[in-house]
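Chain letters run A, B, ... following the sequence lines, proteins first, then strands; residues in each count from 1. Atom set for the values below is all heavy atoms of this structure, side chains included, hydrogens, waters and symmetry mates excluded.
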Number of protein chains: 2
Amino acid sequence: MTGTDITYDLRMVRWAPNARGRLEQAALELFGERGYDATTVKEIAERAGLTERTFFRHFADKREVLFGGTTLQDGLVGTLAEIPEDTAPLAAVAATLEAAGELFDGRRDLVRQRQALIAAHPELQERELIKLATLGSALAAALRERGIAEPAASLAAEAGMAVFKVAFERWLEDAEEQAFTQHLRDGFAGLKTLTAGA
Amino acid sequence: MTGTDITYDLRMVRWAPNARGRLEQAALELFGERGYDATTVKEIAERAGLTERTFFRHFADKREVLFGGTTLQDGLVGTLAEIPEDTAPLAAVAATLEAAGELFDGRRDLVRQRQALIAAHPELQERELIKLATLGSALAAALRERGIAEPAASLAAEAGMAVFKVAFERWLEDAEEQAFTQHLRDGFAGLKTLTAGA
DNA sequence: CACGCGATGACAGGCACTGACATCACGTAC
DNA sequence: GTACGTGATGTCAGTGCCTGTCATCGCGTG
């Protein structure tokens with residue numbers, strides 16, 4: 001138990017590379033093996049050949065180790081910037097979110113496994129929600145920079161995130177395994193129908 | 001410090017009434033006086049004339065003392081049930097959320113103060129977000145019980161929550177202090193415009 | 001009057017997280 | 001090539017959140 005399972009030989013190299021990645025890997029393994037609650041930060045660190053203190057130098061808290069990898073937000077805001085300026089706000093948001101979908105379709109099983117973990121732990125749901133909310137705010141800010149005025153910018157971003165959430169859930173549960181993009185488009189079409197009816 | 005500031009005389013009554021309310025009150029005071037982080041659960045309990053252990057019998061965690069009071073969800077689901085069955089999904093959600101607004105308009109300063117606290121603490125934002133998400137799920141379930149099929153029910157609920165969030169934020173910052181209902185209607189109108197344009 | 005109930009207290013303990021200081025390979029300057 | 005600074009890590013002590021468990025005791029009930 002005293003460091004016998006360290007992957008890298010510390011006699012030659014002061015620090016094994018990719019400490020952050022090793023911590024994420026170890027965390028995923030342990031959460032899968034014995035569950036989130038039953039896993040200690042100390043255990044994660046030890047499996048990665050590090051100490052608890054070092055874990056907290058890489059991640060702000062225990063939950064963050066599950067969310068640090070996805071730089072979804074930066075990528076999407078960049079995507080939005082590349083969309084033609086004259087695109088309507090909601091259409092721009094929709095196009096941006098489609099880019100996110102491409103990240104999902106390739107790793108369906110991995111995403112499903114991750115979501116199962118999150119669904120079983122309210123504290124993880126909270127973290128997921130604040131990540132999505134932050135993404136929504138970032139999209140709104142990006143829209144504002146394109147000249148969209150304020151009620152519309154936030155509204156488009158938030159409505160887009162609403163569709164995204166529903167589409168994501170349906171994509172997860174879809175037995176036919178249709179592409180995420182398909183669910184997204186269904187969602188935006190459904191929203192259009194709903195608002196037209198009201 | 002050994003119980004000298006207890007509000008009720010324990011010699012006559014075994015337990016002072018409304019322990020939960022006293023805890024909420026004490027928490028609000030202390031959070032206002034010295035901030036959320038600088039306030040200890042033990043301090044809250046002591047100001048309420050109770051022990052830390054009893055605090056956790058009334059609230060699942062430290063944050064919950066700020067959210068336990070509002071039974072917003074139950075009220076709103078009940079409101080939705082009273083709306084005519086033939087109302088369009090989004091219109092029904094809009095009408096339901098207007099009922100929530102009436103709770104706000106009377107206590108503008110109180111709500112503002114509370115939101116300032118939440119805005120300053122990510123952990124409180126997380127809790128707020130999961131409450132809103134739960135409310136959204138409850139609205140979707142209520143819509144389903146009225147016979148709305150599944151993509152539409154969640155979509156209407158989530159879109160409604162999106163508008164609610166934007167309206168709430170604008171209501172908070174509104175220098176003219178217009179009614180919450182006004183901001184809500186502006187929001188739904190704005191959403192309609194956005195979806196029509198796309 | 002005995003008994004069970006329910007809200008509370010007392011106590012011990014685990015785990016998440018933080019601050020402060022020490023260590024030590026590596027790169028760089030001189 | 002020696003001295004020095006840097007950066008990732010280790011060590012240690014400590015605080016606060018939260019839980020399990022058992023004891024207490026006024027109150028209502030039979």
Separation of D/dT11 C1' from A/Glu46 CD (nearest whole Å): 14 Å
Proximity to DNA chain C (any heavy atom under 4.0 Å), residues of residues 24-31 of chain A only: none
Separation of atom CG in A/Asp37 from atom C1' in D/dG20, rounded to whole Å: 16 Å
Listed partners of A/His58 passing ring-ring contact (aromatic ring centres under 6.0 Å, His included), at least two apart: none
Pairwise side-chain contact, A/Arg34 with A/Glu43, heavy-atom cut-off 4.5 Å (strictly under): yes
Listed partners of A/Asp74 passing salt bridge (Lys or Arg N to Asp or Glu O under 4.0 Å), at least two apart: none
A/Gln182-A/Asp186 side chain donor-acceptor pair, cut-off 3.5 Å: yes
Rounded interatomic separation in angstrom, taking CD1 from A/Ile44 and P from C/dC17: 10 Å
side-chain hydrogen bond (donor to acceptor under 3.5 Å, both in side chains) partners of residues 144-166 of chain B, not counting sequence neighbours, each pair once: B/Arg144-B/Glu150, B/Glu150-B/Ser154
B/S/- contact track for nucleotides 5-15 of chain C, protein heavy atom under 4.0 Å: -BBBBB-----
Pairs involving residues 75-104 of chain B, ordered by first then second residue, that meet salt bridge (charged side-chain N to carboxylate O under 4.0 Å, His left out) (sequence neighbours left out): B/Glu98-B/Arg185
Under the ring-ring contact (aromatic ring centres under 6.0 Å, His included) test, residues paired with B/Phe188 that sit two or more places apart: none
A/Asp61 CG - D/dC17 P separation (whole Å): 16 Å
Whole-Å gap separating P (D/dT9) and CZ (A/Phe59): 11 Å
Gap between atoms CZ and P, on B/Phe56 and D/dC17 respectively (whole Å): 7 Å
Contacts of B/Phe59 that satisfy ring-ring contact (aromatic ring centres under 6.0 Å, His included) - sequence neighbours left out: B/Phe55
Residues that A/Arg112 engages under salt bridge (Lys or Arg N to Asp or Glu O under 4.0 Å), provided they are two or more places apart: A/Glu177
Whole angstrom value for the distance that separates P of D/dG16 from CZ of B/Phe55: 15 Å
A/Lys42 NZ to C/dT18 P, straight-line distance once rounded to whole Å: 18 Å
